[in-house]
Amino acid sequence: MPEVVDCRGLSCPEPVMLARQAMQEAHEDMVTVMVSNAVAKDNVTRTAKAMGWQVTIEEEGEDFKLMLMMNR
Amino acid sequence: MRDRLSIIVAGAVVGLLAVVLVLQGNPANMGFCIACFVRDISGGLGLHRAGVVQYLRPEIMSLVLGAFVTAMYVREFKSTGGSSPILRFVLGMLMMAGALIFLGCPLRMVLRLAGGDWNALVAMPGYVLGVWLGALFLRRGYTLGRSQDQTPVSGFASPFIAVVLLILLFTAPAFIFFSEEGPGSMAAPITLAAGAGLLVGILAQRTRLCTMGAIRDLILFKDYHLFLGFAAIFVVALIGNLVTGQFVPGFAGQPVAHVDQTWNFLGMTVVGLAAVLAGGCPMRQLILSGEGQSDALITVFGMSGGAAFMHNFGLAGSPAGVSPAGQWIVILSLILLFVIGAGNIRMRSVAGIRQQAKAS
């Protein structure tokens, strides 16, 4: 079961901090982060890319599902 | 790369407009000061009766409207709220209290520095200390909790208030106060001030420019993205002041400033810590309120209430310095901020968030 970090309703920097922690502690190559605002979407994306992860973004209603994949 | 360029451009435009606004009539080193301007608006509405700082500053209203229109256009407008509203109100009050001790929000601190006001050089490490303390709380799991989706009515509140204030400015009914002397009487022409605010509102919405985030992200993540904008404000304002002869270095006799260094330092510590706990500097709160976040609007109301409190009870700093009562306010603010910070540590980790999600 891949990790899902639910950051909906949280504002930055909290989603970034939680996503970073999830990536650092990930047991698998994939971490999914749910966010509910564009700022969090942009910031988590920037952070993940800076940490060398690939990011795929899906819109889910008014929220965003960010799928972070570790580069091997 | 494009991101990086746009935040630098946004900062540079803020710095440039600040210099232009002062040349065109705004008080010295006060081209843009969100705290000062919200305070002036509170005075204009009669919430406080300090006769020298009453004016409905159009920069504030157009900043909100610029952010609102942009957020609508890029489909980022989202009506949310309900994350610890009372604490946000108090944080807004404390942020304003600290700013009115030093005499400026973080934005004006940078502009004062760019004008050669060395008192801001003392305030800067105080501000960084405040942000650093806030980062400690964040690292330990500080959060004001999740916001909830709200109906659009709540999100439209901030732009609606901005429009009403603009109408009051243009019609100038008798119950609105306009300073006849002092900083409140010094203002750039309305159209220029409104245009400047609009442009900054648009840029700040797009780039997320924030004078607190600039320092916070450096401390937390060694991420200097927002800091580039912060630095650009300083560099361009400095060059602008040098070119136009507005750079006057020194400690004493600086415009709308005092030399009580302990309180310059600690006042900005209060602002820095309050801004981290509230999730944004005064300018960022206005922008977020324009994007539909009523949590940010509550913080702005807190700022307005804080301004009224500080001036009605004679607590605000003045060119003469900070009164003993004002000094007590700084100490009390710091205590309150520690209580709010320590009392809201709840998400320790990703695991905590998962459990929280299951429970809800």
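Every chain is numbered from 1, with letters handed out A, B, ... down the list of sequences.
A/Val16 has its side chain within reach of B/Phe221: a pair of non-hydrogen atoms, C-beta onward, lies under 4.5 Å apart. Inter-residue side-chain proximity for B/Arg208 and A/Cys12 is flagged as unmet; no heavy-atom pair is nearer than 4.5 Å.
By the 6.0 Å contact criterion, CH2 on B/Trp132 is open, its count of non-hydrogen atoms from other residues, nucleotides or ligands being 12 or less. The number of heavy atoms from other shown groups lying within 6.0 Å of CE (A/Met69) does not exceed 12.
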- Message: salt bridge (charged side-chain N to carboxylate O under 4.0 Å, His left out), that's the test. Do A/Asp6 and B/Arg146 meet it? Break it down for me.
- Response: CA-CA 11 Å; A/Asp6 184 1; B/Arg146 292 173 197 269; 3.7 Å; yes
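The shortest heavy-atom contact between A/Glu62 and B/Lys78 is O-NZ, 3.0 Å. Heavy atoms only, all atoms of each residue included: B/Tyr142 and A/Glu14 are closest at O-OE2, 3.7 Å. Here the shortest heavy-atom pairing between B/Leu138 and A/Met17 reads O-CE, 3.5 Å.
For B/Asp149, the part lying under 4.5 angstrom from a heavy atom of chain A is the side chain only. Proximity to chain A is absent for every atom of B/Arg206, based on heavy atoms less than 4.5 angstrom apart. Only the backbone of B/Leu144 comes within contact range of chain A, with at least one heavy atom under 4.5 Å from a heavy atom of that chain. Heavy-atom distances place the side chain of A/Asp42, and not its backbone, under 4.5 Å from chain B.
Rounding to the nearest 0.5 Å gives a distance of 6.5 Å between NZ of A/Lys41 and CD of B/Glu76. Note: A/Thr47 OG1 to B/Asp217 CG = 8.0 Å, rounded to the nearest 0.5 Å.
Contacts with chain B were tallied for A/Ala50, A/Ser11, A/Ser36; A/Ser36 has the most, counting heavy-atom pairs under 4.5 Å.
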